[in-house]
*Asks:* 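Here you go, one structure.
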Amino acid sequence: MIVRLLLFAVARDIVGCNSLEIELPGVPNIGAVRAELVRSHPRLAPLEKYLMFSVNARYAGDDQLVRADDEIACLPPASGG
Amino acid sequence: MIVRLLLFAVARDIVGCNSLEIELPGVPNIGAVRAELVRSHPRLAPLEKYLMFSVNARYAGDDQLVRADDEIACLPPASGG
Amino acid sequence: MVELTLEPIRPADVLTRVHSTSAGAEVLFVGTAREFTGGRRTALLHYECYEKMAIVRLQELEAEARQRWNLIGCEIVHRFGTLQPGEASVAIAVSSPHRQEAFQAAQWLIDTLKEVVPIWKQEQWSDGSSQWVHPGMPPT
Amino acid sequence: MVELTLEPIRPADVLTRVHSTSAGAEVLFVGTAREFTGGRRTALLHYECYEKMAIVRLQELEAEARQRWNLIGCEIVHRFGTLQPGEASVAIAVSSPHRQEAFQAAQWLIDTLKEVVPIWKQEQWSDGSSQWVHPGMPPT
């Protein structure tokens, strides 16, 4: 399955683009998206544990399953305000 | 000694004027001013323990001595803000 | 800066006076005259002050707030005279590098102002009666 | 109401939107871009947001604040894009019958916004370098 992943802030700068398409086997969960993102972009490894993810604009844990049409985003720690 | 006493809010309404001249024997303190004020205006008696006093724009306790040229004021509980 | 005024307070102007590029946070508190209190309608509010003493006490509040917190700007404006419901009776603005200090200072300033600054409010109810507000004191 | 905007925030307008004769207290918080942070000068600040999610989260913050406190008005405006030092990045205004609720709600809103709303700040220093601010994360 191919999932599209939005990237923000330092994660976007490191990867070098606003969004990525990631191919994953079976019915992937967010943990698999995270692992594949870091595997394909090793410079994200030191940040991995700080990165949060969302599915369809809601924070999502590693166990959450994703579908092909979900909007998935990788969110570094927020600094608004 | 004659001292001049400024009155505010409900105390002014009860006494019926903005300021009073009060005659006191010897070297009076604020306690004597308070007592004479209530003696001459008995309708203030139920409020007596809530009335604060100032001398020259500073809160003053009953022990504080007053001089003839001091500006003394009787201050009901504040409700600004 | 502190100010007692008979003129309407413009809260936006009070806020502007604490603006600084050194500040990261500005907090503005505005106290307004409520129209309804426990179901009774207020027609007008009258504020009286012992002006000479009130100014001194307000200046002391500003000085103490500046000692306790790292403030850049600190402005307190209190109105007196007759107010319509909805008008501002007091505006307090502070600015600080960090927001916690600004919030704490603003809240301490209004809490303490209400206790120690010789200003008094009289409710003038829509039924024509009026009443001085003296917290803690039995009604007369 | 919540809003994300590329235009400069006018804090006075945000305050006006919470005004009500039912309120006794209005609290406005304004977060501004500081010019100096630990001695380094900020030339510009850039705010990025995941707009769709940020709006939803801001709406949830308003709803939760209204559940927790008795608020009359509640307005949150966050700017994004490029800001000059001194410009407002966020303005939060609340009004309430009593001041404690207004202070608590305003402080909770800005504290929680900073944690959960997907908005990111990038410092663009006067020496030409730039740096994303990601609290708790080691520098990259």
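Each chain gets a letter, A, B and so on, in the order the sequences are listed, and its residues count up from 1. Nothing here was measured: the structure is a model prediction, and the numbers come from that model. Just the heavy atoms: all of them, side chains too, but no hydrogens, waters or symmetry mates, feed the values below.
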*Asks:* Compare every heavy atom of Ser89(C) with every heavy atom of Gly81(B), then report the nearest pair and how far apart it is.
*Replies:* O-OG, 3.1 Å
*Asks:* For the residue pair His134(C) and Pro76(B), what are the closest heavy atoms and their distance?
*Replies:* CE1-CB, 3.4 Å
*Asks:* Might you confirm whether atom NZ of Lys52(C) has over 12 heavy atoms from other residues, nucleotides or ligands at distances under 6.0 Å?
*Replies:* no
*Asks:* May I ask you to name which of Gly31(C), Pro135(C), Pro118(C) has the most heavy-atom pairs under 4.5 Å with chain B?
*Replies:*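 Heavy-atom pairs under 4.5 Å are most numerous for Pro135(C).
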*Asks:* Pick out which of Phe80(C), Tyr47(C), Trp120(C) makes a ring-ring contact (aromatic ring centres under 6.0 Å, His included) with Phe8(B).
*Replies:* Trp120(C)
*Asks:* Using a 3.5 Å distance criterion without hydrogens, assess whether the side chain of Tyr50(B) forms a donor-acceptor pair with backbone atoms of Pro138(C).
*Replies:*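 No, Tyr50(B) side chain to Pro138(C) backbone: no donor-acceptor pair under 3.5 Å.
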*Asks:* Are any of the side-chain heavy atoms of Met137(C) and Val10(B) separated by less than 4.5 Å?
*Replies:*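 Yes, at least one pair of side-chain atoms sits under 4.5 Å.
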*Asks:* For Arg66(C), is the CZ atom crowded, meaning more than 12 foreign heavy atoms sit under 6.0 Å from it?
*Replies:* yes
*Asks:* Check whether Glu115(C) gets within reach of chain B through its side chain, its backbone, both or neither, counting any heavy atom under 4.5 Å.
*Replies:*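 Looking at Glu115(C), just its backbone touches chain B.
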*Asks:* Taking CE in Met1(C) as the centre, count heavy atoms belonging to other residues, nucleotides or ligands within less than 6.0 Å. Is the count above 12?
*Replies:*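 Counting other residues, nucleotides and ligands, CE of Met1(C) stays at 12 neighbours or fewer.
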*Asks:* Once rounded to the nearest 0.5 Å, what's the spacing between atom CG of Leu75(B) and atom CE of Met53(C)?
*Replies:* 5.0 Å
*Asks:* Can you confirm whether Trp132(C) sits close enough to Pro77(B) that some side-chain heavy atom of one is under 4.5 Å from a side-chain heavy atom of the other?
*Replies:*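 The answer is no, as the side chains (C-beta and beyond) never meet within the 4.5 Å cut-off.
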*Asks:* Please give me the minimum heavy-atom distance between Tyr50(C) and Ala57(B), naming the atom from each residue.
*Replies:* OH-N, 4.0 Å
*Asks:* Does the side chain to side chain contact (heavy atoms under 4.5 Å, CB included) test come out yes or no for Asp13(B) and Gln122(C), once each step is laid out?
*Replies:* CA-CA 11 Å; Asp13(B) 282 7; Gln122(C) 187 186 47; 4.0 Å; yes
*Asks:* Write down the atom of Lys121(C), the atom of Ser79(B), and the distance for their closest heavy-atom approach.
*Replies:* N-OG, 2.8 Å
*Asks:* Heavy-atom distances under 4.5 Å only: say whether Arg57(C) touches chain B with side chain, backbone, both or neither.
*Replies:*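 For Arg57(C), side-chain heavy atoms alone lie under 4.5 Å from chain B.
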*Asks:* Heavy-atom distances under 4.5 Å only: say whether Val133(C) touches chain B with side chain, backbone, both or neither.
*Replies:* both
*Asks:* Tell me, side chain or backbone of Arg58(B) under 4.5 Å from chain C's heavy atoms, or both, or neither?
*Replies:*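 For Arg58(B), backbone and side chain are both near chain C.
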*Asks:* Taking atom CZ as the centre, does Arg4(B) end up with more than 12 heavy-atom neighbours from other residues, nucleotides or ligands that are less than 6.0 angstrom away?
*Replies:*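 It does not: Arg4(B) CZ has 12 such atoms or fewer within range.
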*Asks:* For Arg17(C), does the CZ atom have more than 12 heavy-atom neighbours from other residues, nucleotides or ligands under 6.0 Å away?
*Replies:* yes
